[in-house]
Amino acid sequence: MLPLSPQTRLPTHDVTNMPPHQGDQDLWSDDRALCETIEREGASWAADHLAAFGRIAGAAETFDEANDANRYPPELQAFDRYGQRIDQVAFHPGYHALMAKAIGNDVHSFAWRNADKPGAHVGHAALTYMFHQAEGGVMCPMAMAYSAWPSLKTTPSVADAWIPRLLSREYDRRDIPVEQKRGATVGMFMTEKQGGSDVRANSTRAEPLGLGTGIGAEYRLTGHKFFCSAPMCDAFLTLAYSEGGLSCFLVPRWRPDGERNGLYIQRLKDKLGNRSNASSEIEMLDTYGIMVGEEGRGIRTIIDMVQHNRYYCAASSAGLMRQSLVQALHHTSHRSAFQRRLIDQPLMRNVLADLALEAEAGLALTLRIGRAMDEAASDPMAAALARIGTAIAKFWVCKRTPGFVGEALECLGGPGYVEESLMPRFYREAPLNSIWEGSGNIMCLDVLRAMGREEAAVPAILAELEAARGGNAALDAAADMLRDELADQSDLETRARGVTELMAVSLQAAQLVQHAPAATADAFCASRLGGRWHGAYGALPPNSDFGAIIARATPGG
Ligand SMILES: Cc1cc2nc3c(=O)[nH]c(=O)nc-3n(C[C@H](O)[C@H](O)[C@H](O)COP(=O)(O)OP(=O)(O)OC[C@H]3O[C@@H](n4cnc5c(N)ncnc54)[C@H](O)[C@@H]3O)c2cc1C
């Protein structure tokens, strides 16, 4: 046996009041709310897959890979040593390992592989929710593979070549023409310097390459894109103006003649978080692209993609809240102050219980909307709920996440502010889902748009609240208040955040009142819909059943 190092033997270095290493987590079995919600929303047939993946996503190895992939972020290799442009990005091996794990377990493709089954989007969201607990960066290309499917479907020649490779379980990272690849990934180029939310401000142009124009025809694109994440993808859905207006194109990394396409990575962004994921600026010069969808209907073509990406954001943020809570519960269970474990201190119990309510409510809303997506094809009310509910969930779940993660971080005290604790990485990741794919205001304006265009949108929301009527007086009052708010059309744009928030919290409450234990539902309604607004977490009414709420959220509890 090796002698102990002098440092290990230091008499002053007894570690008596620190949590043990967490080791492997089981993100499925240890998440009671997740297991119950999956059952209720129709994806219990996927339980075996979800259970197996919960252990993979929760493995200490996966968290280590995520830490490495973020600590050693991607590097641009624009040129080779002879000065030739190669436009490559080099990633840490941890990133590739995570990509292989995600793709190998259908994180990118589950909904479409199982499109014939009820609960396919619900199951997909559960995979997203679990994997995002370990890592957000690789989830960007996963979200795109999930979301691009409906856009690619519009153009059969493109769909035939790309969809089978997008559904593949093989992570094939080679930068070679797609015909030679066993699996492929896609990204998107929408945002330009002139406009992100307002993509009609784009200035990229597309001219026909040959005689043909319109859907499936070949074009030459010229312009720049200001935010291009995952630039090592094999192709990118791109918006550009052709003669007939703003159109959508698929721009592959390689041209059909076997030459590299004209995609010039100018630089990688130095981002707040999401650092394992390369986000770049790209110049397009005489760049080859195929028109996807009808000419001049680019926004129509990408709208389903945008909708699915927004749904992915809600599921991801719900996951980030859940893992932040798990970290807070772990730490406070093993740390004592003033001769008592933190988790036993009344005020800390209030904070932890409040966080647990928020995490479960975020998950419940997200998976309820997932079921609406699953039922949309056969049920107009479900379709309307999916349409408006995605914007509501994206706004609210993502909006709640940064404050939530900050509060969970604080539960760890000083160590929470230190990188090894995971919390700083989560904290930096937390605001992102609220920004991309439509920032908060854009989501609220989208809620108004859905209300204006879809006759069934408001009735679908109200029906959800009516289903819970009688279960909680505060929720009933909120439903009545929402009805009054919606009847008043004045200044609706100015009031859009308030209205969307009321919809979101009422929908969450309706789910909890119908399906969660009374302790959870009562405390949620009392704190979120009761008379007194509380700005901070940890201000639940003293008669809340803190023990029951915390036990429900605690892994293995
Ligand atoms: C890490 C990262 C990666 C990204 N990756 C990609 C990518 O791969 N591909 C891609 O195409 N894009 C990508 N984006 C871009 C992202 O989608 C946009 O930044 C986002 O949509 C917002 O657009 P913008 O930055 O132009 O902000 P703006 O449109 O200028 O908006 C600024 C603010 O104004 C608000 N606002 C806008 N219009 C209104 C209005 N009418 N009323 C009230 N408020 C309004 C917005 O909500 C926002 O808060 C990425 C962004 C980030 C941060």
Side-chain angles (χ1 to χ4, degrees), residues 70 73-74 89 132 135-148 151 185-204 221 223-240 246 248-251 263 265-284 298-299 301-303 305-310 312-313 316-317 391 394-396 398-399 402 425 428-449 491-500:
N70 283 276
V89 179
H132 204 96
E135 155 68 359
V138 300
M139 295 306 282
C140 170
M142 296 309 110
M144 275 304 300
Y146 166 54
S147 307
S151 305
T185 51
V186 288
M188 68 165 171
F189 297 168
M190 307 289 152
T191 309
E192 298 189 3
K193 293 191 183 81
Q194 290 81 357
S197 312
D198 180 11
V199 286
R200 289 194 186 279
N202 278 193
S203 62
T204 300
L221 278 69
H224 73 265
K225 293 287 174 180
F226 195 43
F227 274 95
C228 308
S229 290
M232 293 316 294
C233 286
D234 297 287
F236 306 88
L237 281 165
T238 304
L239 282 181
L246 193 60
C248 183
F249 299 86
L250 187 75
V251 173
L263 291 169
I265 306 177
Q266 300 300 87
R267 61 171 172 160
L268 299 187
K269 307 270 198 194
D270 186 6
K271 295 176 293 183
L272 169 67
N274 194 251
R275 293 181 73 83
S276 62
N277 177 27
S279 297
S280 64
E281 292 170 23
I282 288 193
E283 219 64 29
M284 291 188 288
I299 293 183
T301 304
I302 60 162
I303 207 74
M305 178 190 82
V306 169
Q307 192 75 351
H308 286 93
N309 266 333
R310 288 175 176 172
Y312 144 87
C313 288
S316 298
S317 287
K394 156 82 159 93
F395 172 67
W396 189 242
C398 300
K399 185 60 67 192
R425 175 159 70 82
R428 290 191 295 269
E429 187 74 20
L432 181 54
N433 283 323
S434 192
I435 296 174
W436 60 12
E437 298 302 338
S439 311
N441 288 354
I442 298 300
M443 286 302 91
C444 296
L445 295 175
D446 194 45
V447 168
L448 299 191
R449 190 173 302 112
D491 299 321
L492 209 45
E493 193 165 328
T494 310
R495 291 162 42 221
R497 276 193 181 224
V499 169
T500 306

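Just so it is clear, the model here is predicted, and its values are computed rather than measured. Each ligand, and each atom within it, is numbered from 1 in the order the structure gives.
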N or O contact, Gly195 vs ligand 1, cut-off under 3.5 Å = no
inquiry  = So which atom in Ser279 and which in Ser229 form the shortest heavy-atom distance, rounded to 0.1 Å?
reply    = OG-OG, 2.8 Å
Protein contact to atom 24 (P) of ligand 1 [nearest heavy atom, distance to 0.1 Å] = Gly196 CA, 3.9 Å
task = Kindly indicate whether the side chain of Met190, heavy atoms from C-beta on, has any atom under 4.5 Å from the side chain of Met305.
result = yes
inquiry  = Tell me the protein heavy atom at minimum distance from atom 53 (C) of ligand 1, and give that distance in Å.
reply    = Leu432 CD1, 3.7 Å
query = Going through the checks in order, is the side-chain contact (heavy atoms from CB on, under 4.5 Å) test met by Met284 and Leu263?
reply = CA-CA 5 Å; Met284 291 188 288; Leu263 291 169; 3.8 Å; yes
ask   = Shortest non-hydrogen contact from Phe249 to Ala240?
value = CE1-O, 3.6 Å
Nearest-contact summary for atom 20 (C) of ligand 1 - protein heavy atom, Å = Ile435 O, 3.7 Å
query = Taking non-hydrogen atoms only, is Asn277 closer than 4.0 angstrom to ligand 1 via side chain, backbone, both or neither?
reply = neither
request  = Hey, can you tell me if Tyr146 and His308 have their rings parallel, tilted or perpendicular (30° and 60° cut-offs)?
outcome  = perpendicular
task = Give the residue, atom name and distance (to 0.1 Å) of the protein heavy atom nearest atom 5 (N) of ligand 1.
result = Ser229 OG, 2.8 Å
query = Where on Ser279 is there a heavy atom closer than 4.0 Å to ligand 1, on the side chain, on the backbone, on both, or on neither?
reply = side chain
inquiry  = Using a 4.0 Å heavy-atom cut-off, which part of Cys140 comes near ligand 1: side chain, backbone, both, or neither?
reply    = neither
query = Looking just at side-chain N and O atoms, do Gln266 and Ser280 make a donor-acceptor pair shorter than 3.5 Å?
reply = no
message = Please determine whether a side-chain nitrogen of the Lys or Arg among Arg275 and Glu429 lies less than 4.0 Å from a carboxylate oxygen of the Asp or Glu.
response = no
query = For atom 38 (N) of ligand 1, which candidate among Asn441, Leu239, Thr494, Ile442 provides the closest heavy atom?
reply = Ile442
ask   = Looking only at protein heavy atoms, which one is nearest to atom 47 (O) of ligand 1, and how far off is it?
value = Ser439 CB, 3.1 Å
request  = May I ask you to identify, for Leu445, whether its side chain, its backbone, both or neither come under 4.0 Å of ligand 1 on a heavy-atom basis?
outcome  = side chain
ask   = To which protein heavy atom is atom 15 (C) of ligand 1 closest, and what is the distance rounded to 0.1 Å?
value = Thr191 OG1, 3.2 Å
task = Measure across Cys228 and Lys225 and return the closest heavy-atom pair with its distance rounded to 0.1 Å.
result = SG-CB, 3.4 Å
note = Quick look: Lys271 vs ligand 1, heavy-atom contacts under 4.0 Å, and the answer is side chain
message = Any nitrogen or oxygen of Ser197, side chain or backbone, less than 3.5 Å from one on ligand 1?
response = yes
ask   = Any idea which heavy atoms bring Ser151 and Leu237 closest together, and the distance?
value = CB-CD1, 4.0 Å
key: Any N or O of Gly440 closer than 3.5 Å to N or O of ligand 1   = no
query = Got a salt bridge between Arg310 and Glu437, using NZ or NE/NH1/NH2 to carboxylate O under 4.0 Å?
reply = no
remark   = Candidates Phe236, Phe227, Trp436; heavy atom nearest atom 14 (N) of ligand 1 found on Phe227
